[in-house]
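Read through the structure below, which is laid out as structure tokens, and then see the notes.
Sequence lines set the chain letters: A, B, ... in the order given, protein chains first and strands last, and positions in each chain run from 1.
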Amino acid sequence: MCVFARAEGLGFARLTPRMNPEIRVRFAPSPTGYLHVGGGRTALFNWLFARHEGGKFVLRIEDTDKARNTPEAVAVILDGLRWLGLDWDEGPGVGGDYGPYFQSEREEIYERYFQKLLEAGCLYEDNGAWRFRSQREVVTVHDIVCGSIAFDLSNPQTHPDMTIRRPDGSWIFHFVNVVDDIEMRISHVIRGEDHLSNTPKHLELFKALGVQPPAYAHIPLILNKDGSKMSKRDAGASITGYIEGGFLPGAVRNYLSLLGWSPKDNREVLELDETVRLFDLAKVNRKNAHFDLEKCLWFNTQYLQKTSPSQFHALSLPFIEKAGIAVGTPAALDPVLALVREKVKTLAEVPGWLGYFFTEEYPFDPQAVAKAFSTPVAFERLAALTRAWDTSPIWDAAALEAALKQVAADLNAKPNELLLPTRVAVSGRASGPNLFPMLEVLGRERTLSRLRHACTIHAPVTQ
RNA sequence: GACCCUAUCGUCCAGUGGCCUAGGACACUCCCCUUUCACGGGAGUAACACGGGUUCGAAUCCCGUUAGGGUCGCCA
């Protein structure tokens with residue numbers, strides 16, 4: 001029998017007091033090869049709580065499953081958290097007083113606690129594995145988010161004794177999780193609601209070990225927009241997807257912070273320090289959230305618009321380089337970026353808008369060509385426009401616009417009948433930045449040669 | 001199946017017994033701005049799951065039903 005739990009009728013009275021009044025939370029991911037958006041949100045809430053309370057945010061890697069534990073899989077998690085701006089006070093890379101922070105390196109600790117439970121008679125062997133003998137009680141979870149919930153563990157059929165150690169000596173999640181939370185002096189466990197039903201088991205372990213359990217806060221899950229469970233493949237499920245998709249960390253952080261929590265005053269675009277200031281675990285709601293990529297994109301545009309030109313430049317550059325666009329000097333890129341920045345929702349969309357600024361081999365969209373050059377007069381007009389611009393003493397947006405209007409008047413055409421053909425001729429497409437500023441940036445030489453070239457290749461072959 | 005959680009516009013959040021003929025945001029529709037597409041400004045469509053209670057009064061409290069989610073592993 002489990003003597004810790006019996007303790008001559010004193011029960012919880014002889015529990016060891018926690019020596020630290022300090023707030024300490026932890027994010028304890030398993031290195032599965034990707035960081036789930038729900039995990040990112042859990043980490044975020046832990047981090048926000050720690051920062052709000054002036055406590056410590058600990059990162060612990062739960063890599064007891066040796067099979068799929070690789071350095072790459074760990075790196076993905078670390079990179080994702082760093083990208084989101086969630087710095088940890090203790091954990092991989094930064095150390096701390098309660099390490100090591102990889103479960104695979106904490107073997108002796110688990111062995112010690114295992115012996116404790118064994119000596120207390122709380123364990124029994126089953127086919128080589130070790131099980132924890134439940135006290136078969138009603139265990140009540142006092143949860144900051146969910147309230148008090150009673151779980152009746154009395155029926156062994158429905159609540160079998162949990163296994164804590166496999167025949168090969170490796171450890172099971174419930175056990176190491178509890179041991180580490182004790183050893184690392186965790187004061188608040190903030191995790192996904194999928195763990196709520198596991199919590200009574202964890203509480204039994206704490207009781208058997210004679211340690212007062214931490215406070216719990218189970219936060220709602222993030223599901224797909226249709227309510228199904230988000231898996232790796234689903235859009236928006238992986239933090240890496242946001243990094244590669246050209247999202248800004250602040251935007252994703254802001255969006256995720258509002259899934260299950262809000263400042264209660266209808267504000268949505270919240271700076272990080274403001275979120276830290278206002279974050280309140282007790283005000284987290286209990287309803288699962290459905291993920292909406294559209295809204296996340298909207299946040300991204302909000303944050304994108306707040307970047308300075310130089311920030312936008314720096315942020316865009318990796319995506320431009322990845323797209324293989326040779327931009328020449330940074331100075332050549334800036335004016336183009338200034339034209340294009342209001343058109344994009346993500347950094348990944350930047351290259352798509354500026355390709356034709358940096359090559360003469362830009363493609364022509366067939367639909368745009370059909371629309372712009374449907375009639376032979378389009379070429380006459382373009383030719384007249386080309387002549388007028390060729391002799392324009394000044395090459396700036398205002399001059400170009402004035403000249404175009406004059407040409408249109410001379411030709412008895414409306415100005416906007418000249419705009420689309422011009423745009424398609426110089427860019428190959430029907431939409432883009434404001435035309436005249438765009439031509440100003442493009443420059444006289446390239447604009448004129450493109451106009452002539454487009455007339456040559458798109459003019460009717462019947463002439 | 002058992003146990004647990006949840007239930008306000010399509011989605012995310014407000015709303016904790018009377019301020020609610022339910023508010024904000026995303027999306028959508030329309031209008032304005034615009035010599036493209038966007039941006040921006042304005043307007044609009046759209047919800048208290050259902051049924052019982054409690055109460056002078058319920059989106060708000062209670063019960064049931066239904067629906068969704070979670071857990072029930074020698075996964076984490």
Tell me what A:Asp265 touches on the nucleic acid: a base, only sugar-phosphate, or nothing, going by heavy atoms under 4.0 Å.
nothing
Just grab all the salt bridge (charged side-chain N to carboxylate O under 4.0 Å, His left out) pairs involving residues 151-167 of chain A, residues at least two apart or on different chains.
A:Glu111-A:Arg165, A:Arg136-A:Asp161
Is A:Ser30 close enough to B:rA76 that one of its side-chain N or O atoms is under 4.0 Å from OP1 or OP2 there?
no
Would you classify A:His174 as touching base, sugar-phosphate or nothing, given that sugar-phosphate means primed atoms plus P, OP1 and OP2, and contacts are heavy atoms under 4.0 Å?
base
Please list, by residue number, the residues of residues 421-431 of chain A whose heavy atoms come closer than 4.0 Å to an atom of RNA chain B; answer none if no residue qualifies.
A:Arg423, A:Ala430, A:Ser431
Atom CG of A:Leu196 and atom P of B:rC3: how far apart are they, to the nearest Å?
16 Å
For B:rU55, give its Watson-Crick or G-U wobble partner with both distances under 3.5 Å, or none.
none
Using the test salt bridge (charged side-chain N to carboxylate O under 4.0 Å, His left out), find all partners of A:Glu125 that sit at least two apart in sequence or belong to another chain.
none
Greater than 12 external heavy atoms within 6.0 Å of A:Lys283's NZ
no
Got a sec, which residues hit side chain to side chain contact (heavy atoms under 4.5 Å, CB included) with A:Pro309, two or more places apart in sequence or on another chain?
A:Arg341
For a 4.5 angstrom cut-off between non-hydrogen side-chain atoms, does A:Glu440 reach A:Glu401?
no
Between A:Trp395 and A:Asp390, is there a donor-acceptor pair closer than 3.5 Å when you use the side chain of the first and the backbone of the second?
no
Taking any heavy-atom pair under 4.0 Å as a contact, classify A:Leu419: base, sugar-phosphate, or nothing.
base
For A:Ala370, which residues count as a side chain to side chain contact (heavy atoms under 4.5 Å, CB included) partner, sequence neighbours excluded?
none
Taking atom C1' of B:rA7 as reference, at what distance in whole Å does atom NZ of A:Lys287 sit?
7 Å
Basic-acidic side-chain contact under 4.0 Å: A:Glu271, A:Lys306:
yes
Tell me, which pairs form a side chain to side chain donor-acceptor pair (under 3.5 Å) where one or both residues lie in residues 36-47 of chain A, sequence neighbours left out?
A:Trp47-A:Asp87
If you define the side chain from C-beta out and look only at heavy atoms, does anything of A:Arg131 sit under 4.5 Å from A:Ile164?
no
Sequence-aligned protein contact record of nucleotides 19-29 of chain B, with B where the base is within under 4.0 Å of a protein heavy atom and S where only the sugar-phosphate is
----BBBBS--
What does A:Ala289 touch in the nucleic acid at a heavy-atom separation under 4.0 angstrom: a base, only the sugar-phosphate, or nothing?
sugar-phosphate
Produce the list of close N/O pairs, under 3.5 Å, pairing protein atoms with atoms of nucleotides 31-33 of chain B; give distances to one decimal.
none

Which part of the nucleic acid does A:Trp171 contact within heavy-atom distance under 4.0 Å: base, sugar-phosphate only, or nothing?
sugar-phosphate
Would you please indicate yes or no on a ring centroid separation below 6.0 angstrom for A:Tyr242 and A:Tyr255?
no
When the P atoms of B:rC19 and B:rG40 are compared, how many Å lie between them, rounded to an integer?
35 Å
Test: side chain to side chain donor-acceptor pair (under 3.5 Å). Region: residues 421-435 of chain A. Which pairs qualify, not counting sequence neighbours?
none
Salt bridge (charged side-chain N to carboxylate O under 4.0 Å, His left out): which pairs involve residues 292-303 of chain A, sequence neighbours left out?
A:Lys225-A:Asp292, A:Glu268-A:Lys295
Give me the distances for all protein-to-nucleotides 62-69 of chain B N/O pairs that come in under 3.5 Å?
| residue | atom | partner | partner atom | Å |
| --- | --- | --- | --- | --- |
| B:rG69 | O2' | A:Asn288 | OD1 | 2.9 |

Which part of the nucleic acid does A:Glu401 contact within heavy-atom distance under 4.0 Å: base, sugar-phosphate only, or nothing?
base
Rounding to an integer number of angstrom, what distance separates B:rG10 and B:rA22 when you compare their P atoms?
15 Å
Taking OP1 and OP2 of B:rC74, is either one under 4.0 Å from a side-chain nitrogen or oxygen of A:Arg131?
yes
If you look at every strand shown and take non-hydrogen atoms under 4.0 Å, does A:Pro160 touch a base, only sugar-phosphate, or nothing?
sugar-phosphate
Out of the candidates A:Tyr101, A:Tyr110, A:Tyr98, A:Tyr113, only one should pair with A:Asp180 under the side chain to side chain donor-acceptor pair (under 3.5 Å) rule; please name it.
A:Tyr110
Sugar-phosphate only, base, or nothing, as touched by A:His195 at under 4.0 Å among non-hydrogen atoms:
base
Once you apply a heavy-atom cut-off of 4.0 Å, does A:Asp126 come out as touching a base, just sugar-phosphate, or nothing?
base
If a pair satisfies salt bridge (charged side-chain N to carboxylate O under 4.0 Å, His left out) and one of its residues is in residues 25-35 of chain A, list it, with sequence neighbours excluded.
A:Arg26-A:Asp181
Touch class at under 4.0 angstrom, heavy-atom based, for A:Asn155 against every strand present
nothing
Would you classify A:Gly192 as touching base, sugar-phosphate or nothing, given that sugar-phosphate means primed atoms plus P, OP1 and OP2, and contacts are heavy atoms under 4.0 Å?
nothing
Gap between atoms CD and P, on A:Glu342 and B:rG40 respectively (whole Å):
10 Å
